[in-house]
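Step one of this worksheet: look at the structure below.
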Amino acid sequence: MLSRLKWLGNAHPNIWRSQVNKNCKFVSTNKKFGASHTQGDVPNLIHHHEHKYAEGKIYNGFLCEHVEHISDFELTSYTLRHQRTGTELWHIDRNDANNVFSINFRTTPFDSTGLPHILEHLVLCGSKNYPVRDPFFKMLNRSVATFMNAMTGPDYTIYPFSTMNETDFRNLQRIYLDAVFRPNLLYLDFLQEGWRLENEDIHDCNSKLIIKGVVYNEMKGAFSENSQVFSQNLLNNMLPDHTYGYVSGGNPLEIPKLTHEDLIEFHQKYYHPSNSRIYSYGSFDLTKTLWLLDKEYLSERTCIDNSYSQIPQQQRWQQPRNVHISSRLDSMGATIDRQNQIAIALLMCDVTNLQESFELNVLSEVLIRGPNSPFYKSLIEPNFSGGYNRSTGYSSDTKDTAFVVGLQDLRVEDFTKFCEIFDQTITHSIENGFESQHVESILHSLELSLKHQSPHFGNALLFNSTALWNNNGDIVSNLRVSEMISSLRTSLRKNKTYFQDKIQQYFANNTHRLTLTMSPDALYQENFKRAESEMLRQIVAVLDKEKFQNIYQTGLELDAFQKVKPNTEILPCLTINDVSEPPKWPKLIVETIQNVHTQICKVSSNEITYLKCLFNATSLSQEEIQLLPLFCTVINNMGTSKYDFREFDKLVLSKTSGFDFKLNFIENIRDAKSYKISVLMDTHALDKNAPELFYLCQELLLNFDFTDTDRLKMLIENYISNISVGVASSGHVYAMLGASALVTDASNLKSRLFGIDHIDFMKTLVQDNNTVDICKTLKSIGKKLFLKNNIQVAINTTESYLATALQHYRNFLETLPSLDNSKESHSINLLNPSCQHYILNIPVNYCAKAFFAAPYLHQDHPKLRVLAKLLSAKYLLPVVREKNGAYGAGAKISSDGIFSFYSYRDPHSIKTLDTFDKTYEWTRLEKNIDQEALFEAKLGVLQQLDSPIAPGNIGIDYLLYAVSQDMFENYRSRMLSVTVDEIHDTVQKYLKKTPKNFGKCIIGPENEELQLETNHKWKIIS
Ligand SMILES: [Zn+2]
């Protein structure tokens, strides 16, 4: 989807980095409860700001160079520089419990071996003070971090974490700093994380050699995701002259050119303190950080000139360029003739030119966002594609920023049409300018996002600043967003053709323009395989007998190395006392207002009123329920009987955050015998705009309009294109949905609403029905849904505004109609065991196994949740990831009681399912489940339970699941009191015998041995 212009609203708003170029150590999923909803903390605002450090003074070897208070975000920025090494440290003092620490290095590779990426993995594999195998992964279980990761971008490598616990903060800080400055970089770790040759059967020196390695498989997976391949190529071809011309994550066919020596050299050069930038955010004492840095890591080092890693500006082209690439034919995607993509990218300005870059970002949004923008009108509305592709937007993640607009799922014949329309749109915009209300609604969205409290503000600020910082930009001035907005407003007022002039300069007269096209090739995967085996053949051809023997021996050595029980006791760990207190949130007030269940929460929300309306959809027919995901996507895009979709969009965006509709599947968490389906409408607005907020809600809910069938047809086609993108990158989620679908009929329906089956369902629906009929059904859904007797409401607002908000709310309720429809819930039935394999032409697998255990309020649920964490850390990751080379693996239990195992970007499938099945045997081995493992698992669960919640989201568990604060605290303390014996009893009860109801699911390439080797009958879906 299109990246919206939000300052700090989203941690990764930009295209290039968020797609292929940032490769993470692991995929973090922080979920507190069954449903996904963003969590955040409640930053209390500081209203008086005394400066803690003074400009010109020295603190533990750091000179404080600049202090500035930024009122937009109620923070004080301190820029400090280590005198000896020149290391820059940026501290943001803000009254926010969710503290962040990060260190990043400017890393500029000159090949595509994935050097910085593999190094990123390797530095986290053990260091001087912490010579533990993979301390990073071990610390995941010894901390209550709210975020912990490492990423490789196109020109930097970054190591960030956040936590609300100060002991934890200091622990992680020590681990991270030791990791980056004094890593062990062992050869065996290089083989495990990077790449290696190994006998297919490590105990048979005559078995054939294959290539293995965590990053090797990670990138094979990344290269099979078409939208990632597209954005990677966009970057490489747009900025070809320097480091951006290479794949920093690693091209699988280049990775085997990398040696261990290259890696050590690269570390010495780029991980020098003078080439690093350190960030700290929050309320913890900075002095302790400065002391540690100076004493342990910096005082003995020297200062070097870091200009070797500086990135020069890209030389502007004299002529536009065209590049064509091929992609994997996606069996889940559109028909082959439509599976093409195109984009035009234009190089904009230097990222350090703050005001210019800011204005170009706003201008880009004006050009592409929403039904009132020129590109939407000219490219999307004629409906010859599947909508904007994922690269569309303004990107400021590189030295030179860029504007990209592209389409997905179009015909090759339409490539020319796209280019013609592009030029016409630019000409038309220069001639006619923009409607001021449209520009105003874009600026309003930006201003609103400044006030909106994001749950991970400190992380968002870091990610939004890193590219600029690394290019020596002024990160502090970049925070003065209000000033930039008002300066832009002044320019727009003074010069009526201000934006038009910019379009002339940056769009019409710009010869640094790339047109990238991509078409599927049925042989893509086969060609890759052939290239891979040819590469392997060449590597093997030059091996002599001794080298073969060496590989065999090393394989055994690595296997033994991986089997050694890690000496984790040298790693710091929290104690039970550090985590005994549950987080405190403001109390919910529950009232019945005009017979409507209403929950109210007084929060410090920074002058914003949040409104959530939950509509019970249980009484809809099966046919209607199947259409709910589509309904949620289109309902706010069709306009109303009073305002057409363009008018409505303008009104909504100039007064509110927009309306977000989401389908929720809510199982009974007491007995798991029934479920409800509901639609959540989520919106917010500045307090002063609350009357308009309620008015627009009322307008939409009462007067929604499905008469424009052409528009609906277009929205449906774009919707189908969008749901097909990203199956391969979130394959484990789809695999778990697929496996759960075989356990209960409710989960089966869930898979048809959210899983791979949904894609197929939507395609068939469009083939078999005309749009007029679909319109009718959607209309009938709205009529049955938006009723007063069908709604539950949550209002989160500031204390001072509450009375006014409630007055508007009452008026709003009075307008809603009532109708009798009393179906409360559907029953859930368990299914017989079965297995299914979705054939996808990708080179890796996603495997899952699911069975029914116990729902959230059952006494066993906390035990199972701890068990799932324990199995992930102590059994599944060591075997499936470290030993067998998958990128990720784990176990989890959801609130509906379904326990799942999964693997991510996995070279195996049968072997992995076998590992899942052998869990019980593993738990029988002595000492696998000890006190330490148990406590670590509890911390892992706490990371989810105690994760911060944004002011607007406090109380969401109560709204959706009726989980009260007391129930939550009770669950939390039961979880903390689980004993080793109880875990063993739980294992006996749930894992000893083959469960009565289970499902297995594989998403991955064809596999002829499946039936034969698993003793199961597999349903093959291709
Ligand atoms: Zn990685």
Side-chain angles (χ1 to χ4, degrees), residues 1-10 13-16 72-73 345-377 388 391-398 400-405 425-426 428-430 432-452 460 464-465 467-468 473-474 477-508 510 649-650 652-658 686:
M1 294 295 277
L2 184 62
S3 71
R4 287 196 158 190
L5 183 77
K6 273 191 185 169
W7 222 95
L8 305 176
N10 180 347
N14 294 313
I15 47 154
W16 286 349
D72 275 351
F73 302 114
L346 292 157
L347 213 57
M348 297 273 121
C349 70
D350 195 296
V351 70
T352 59
N353 191 346
L354 300 182
Q355 184 69 27
E356 190 75 350
S357 180
F358 172 80
E359 292 180 3
L360 287 168
N361 194 355
V362 174
L363 175 59
S364 300
E365 291 293 306
V366 170
L367 282 166
I368 52 184
R369 175 165 159 193
N372 291 295
S373 69
F375 276 121
Y376 188 95
K377 288 179 190 166
Y388 289 134
S391 296
T392 301
Y394 180 78
S395 166
S396 54
D397 276 349
T398 41
D400 295 279
T401 66
F403 168 86
V404 183
V405 61
T425 311
I426 292 303
H428 184 265
S429 299
I430 293 170
N432 300 289
F434 305 102
E435 223 187 311
S436 62
Q437 213 191 340
H438 172 52
V439 178
E440 208 34 62
S441 73
I442 301 271
L443 288 172
H444 169 264
S445 299
L446 184 61
E447 285 168 324
L448 183 60
S449 75
L450 295 181
K451 295 257 176 201
H452 176 65
N464 275 295
S465 308
L468 180 62
D474 185 350
S477 299
N478 196 42
L479 296 182
R480 293 194 215 109
V481 188
S482 295
E483 273 177 41
M484 293 196 274
I485 296 176
S486 77
S487 160
L488 173 60
R489 282 195 205 276
T490 309
S491 304
L492 288 170
R493 208 169 34 241
K494 278 192 190 149
N495 176 357
K496 293 291 162 224
T497 60
Y498 189 71
F499 267 158
Q500 281 131 288
D501 299 347
K502 287 235 182 295
I503 301 179
Q504 184 73 46
Q505 179 191 351
Y506 284 98
F507 291 76
N510 191 345
D649 192 73
K650 257 185 282 185
V652 167
L653 289 185
S654 54
K655 297 294 175 189
T656 75
S657 64
L686 292 173

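The chain is numbered in sequence order, starting from 1. Because the structure is predicted, anything quoted here is derived from the model rather than measured.
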State, yes or no, whether a side-chain contact exists between [X] and [Y] at a heavy-atom distance under 4.5 Å.
X	Y	answer
Thr425	His428	no
Arg480	Gln355	no
Val404	Tyr388	no
Leu354	Phe358	no
Asp72	Leu479	no
Leu653	Arg369	yes
Tyr498	Leu488	yes
Lys502	Glu356	yes

Checking [X] side chain against [Y] main chain: does a donor-acceptor pair fall under 3.5 Å?
X	Y	result
Asn510	Leu347	yes
Thr401	Cys349	yes
Thr656	Val652	yes
Ser373	Ile368	yes

Gln504 and Gln500: side-chain donor and acceptor closer than 3.5 Å?
-> no
Taking atom types as modelled and ignoring hydrogens, do the side chains of Asp397 and Ser395 form a donor-acceptor contact shorter than 3.5 angstrom?
-> no
Just to verify, what does [X] make a salt bridge (Lys or Arg N to Asp or Glu O under 4.0 Å) with, not counting sequence neighbours?
X	result
Glu483	none
Asp474	none
Lys377	none

Nearest-0.5 Å distance, [atom1] of residue [X] to [atom2] of residue [Y]:
X	Y	atom1	atom2	answer
Leu443	Arg489	CG	CZ	5.0 Å
Asn495	Thr490	CG	OG1	12.0 Å
Asp350	Ser357	CG	OG	9.0 Å
Ser486	Arg493	OG	CZ	8.5 Å
Thr497	Leu492	OG1	CG	10.5 Å
Ser364	Glu359	OG	CD	11.5 Å

Residues passing the side chain to side chain donor-acceptor pair (under 3.5 Å) test with Ser491, sequence neighbours excluded, are none
By ring-ring contact (aromatic ring centres under 6.0 Å, His included), which residues pair with Phe434, not counting sequence neighbours?
-> none
Can you name the ring-ring contact (aromatic ring centres under 6.0 Å, His included) partners of Phe507, sequence neighbours left out?
-> Phe403
Please walk me through it: do Val366 and Phe375 pass side-chain contact (heavy atoms from CB on, under 4.5 Å)?
-> CA-CA 9 Å; Val366 170; Phe375 276 121; over 6 Å; no
Can you name the nearest heavy-atom pair linking [X] to [Y], along with the distance?
X	Y	result
Asp649	Gly370	OD2-CA, 4.3 Å
Tyr376	Pro371	CD2-CA, 3.3 Å
Ser396	Ala467	O-CB, 3.8 Å

